[in-house]
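Data first, discussion second: the structure below is written as structure tokens.
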Number of protein chains: 2
Amino acid sequence: MKRLNSKSGCSVEVTLSVMGGTWKPIIIFKLMQRKLRFMELSREIPSVTQRMLTLQLRELEADGIVQRTVHAEVPPRVDYELTELGLSLAPVLKAMRAWGIRYAQQAEQREEAFAVCD
Amino acid sequence: MKRLNSKSGCSVEVTLSVMGGTWKPIIIFKLMQRKLRFMELSREIPSVTQRMLTLQLRELEADGIVQRTVHAEVPPRVDYELTELGLSLAPVLKAMRAWGIRYAQQAEQREEAFAVCD
DNA sequence: CGGCATCCTATAGGATACTG
DNA sequence: CAGTATCCTATAGGATGCCG
């Protein structure tokens, strides 16, 4: 996905430059519910490979959306949580969630057999 | 961008399967304000090429988000407007717009010189 | 456990030219 | 005007293996 230049364009493009991408909204949404470690995130989002998960988390970290904490333990333990800035994206994600639920319900009535969870 | 399978996964993934992508949210946002013809859309979103605009509009049409109307005139005239389903995405786009504006304002205070419009 | 490195393929996306 | 068609490059993304 093309990374939009956040220094220009409309306000929606600015948001997209930070949370655009196939996995970022899902990652942020999962982290809205609670702090998660790497393996937990991986299990929560089965469709993402570990490689992509790592890459996207690094970008979210660089953009100040996600806080990464490494605990000095054996076995290693790393957890990810939203920063204040990341939390401020909650209204966007909540709107997306609400729309997805409504859409799936309507599709169900059309016998399209969705299976939606969070 | 990987097209998520809308038949599974969390509710956010369902929404992403319809409006995910670099250009779709921007296109939908522009059409929220008013009906636009192809060239108008192209000018409103300078960063998108005609080719990508066509492709994305076709997908949005196939997903029932956008209504394409061809007028039998010379020169040809085609306009795009949101369907009822497309309009129901407004809360998502409005949340994205609000976040983008706030983010740009804060960046401005950090002297990062954004230039944001709609 | 939480990665990173490497190699590979598929798809997104751009440039340009052409057409009804 | 509103596209198509063609060709091309860049990036997304997957599979696998290794490591502290």
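Note on naming: letters A, B, ... go to the chains in the order of the sequence lines (proteins, then strands), and numbering restarts at 1 for each one.
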_Residue pairs involving residues 46-57 of chain A (criterion side chain to side chain donor-acceptor pair (under 3.5 Å); sequence neighbours excluded)_ = none

*Among pairs that include at least one residue of residues 85-98 of chain B, which meet salt bridge (charged side-chain N to carboxylate O under 4.0 Å, His left out), considering only residues two or more places apart or in two chains?*
B:Arg97-B:Asp118

*Sequence neighbours left out, what pairs pass salt bridge (charged side-chain N to carboxylate O under 4.0 Å, His left out) with at least one residue falling in residues 22-33 of chain A?*
A:Lys24-A:Glu59, A:Lys30-A:Glu44

*asked:* Once salt bridge (charged side-chain N to carboxylate O under 4.0 Å, His left out) is applied, what residue pairs with a partner in residues 61-87 of chain A remain, sequence neighbours excluded?
replied: A:Arg3-A:Asp63

*With a 4.0 Å heavy-atom cut-off, tell me which residues in residues 22-45 of chain A come close to DNA chain C, sorted by residue number.*
A:Arg37, A:Phe38, A:Met39

_Taking any atom closer than 4.0 angstrom to a non-hydrogen atom of chain B, what span of DNA chain C does the protein reach, first nucleotide to last?_
C:dA12 to C:dG20

_For B:Arg58, all residues meeting side-chain hydrogen bond (donor to acceptor under 3.5 Å, both in side chains), sequence neighbours excluded_ = B:Tyr80

*Given B:Leu82 and B:Gln67, is the side chain to side chain contact (heavy atoms under 4.5 Å, CB included) satisfied, shown in steps?*
CA-CA 6 Å; B:Leu82 294 181; B:Gln67 163 85 32; over 6 Å; no

_Within residues 48-59 of chain A, which residues have any heavy atom lying less than 4.0 Å from an atom of DNA chain C?_
A:Gln50, A:Arg51, A:Thr54, A:Arg58

*In the hydrophobic cluster built from side-chain contacts under 4.5 Å, what are the other members alongside B:Met1?*
A:Met1

*If we only count heavy atoms from C-beta on, is the A:Trp99 to B:Pro91 side-chain gap below 4.5 Å?*
no

_Check: A:Ile65 main-chain N/O paired with A:Thr83 side-chain donor or acceptor under 3.5 Å_ = yes

*So, do B:Leu16 and A:Thr22 sit near enough that their side-chain heavy atoms are less than 4.5 Å apart?*
no

*Counting only N and O atoms by type, is there a donor-acceptor contact under 3.5 Å from the side chain of B:Thr15 to the main-chain atoms of A:Gly100?*
yes

*Would you name the heavy atoms of A:Leu60 and A:Val18 that are closest together and state the gap between them?*
CD2-O, 4.1 Å

*Would you indicate, yes or no, if D:dC1 has its OP1 or OP2 atom less than 4.0 angstrom from a side-chain nitrogen or oxygen of B:Tyr80?*
no

*asked:* Using five pairs at each end of the helix from C:dC1-D:dG20 to C:dG20-D:dC1 to define an axis, what is the angle between those two axes, to 10°?
replied: 60°

*If we only count heavy atoms from C-beta on, is the B:Pro76 to B:Val70 side-chain gap below 4.5 Å?*
no

*asked:* Does anything in residues 62-76 of chain A come within less than 4.0 Å of DNA chain D? Heavy atoms only, and list the residues if so.
replied: A:Pro76

*Would you mind reporting whether B:Leu85 and B:Ser88 have side-chain heavy atoms less than 4.5 Å apart?*
yes

*For B:Ser42, enumerate each residue passing the side-chain hydrogen bond (donor to acceptor under 3.5 Å, both in side chains) test, keeping only those at least two apart in sequence or located in another chain.*
none

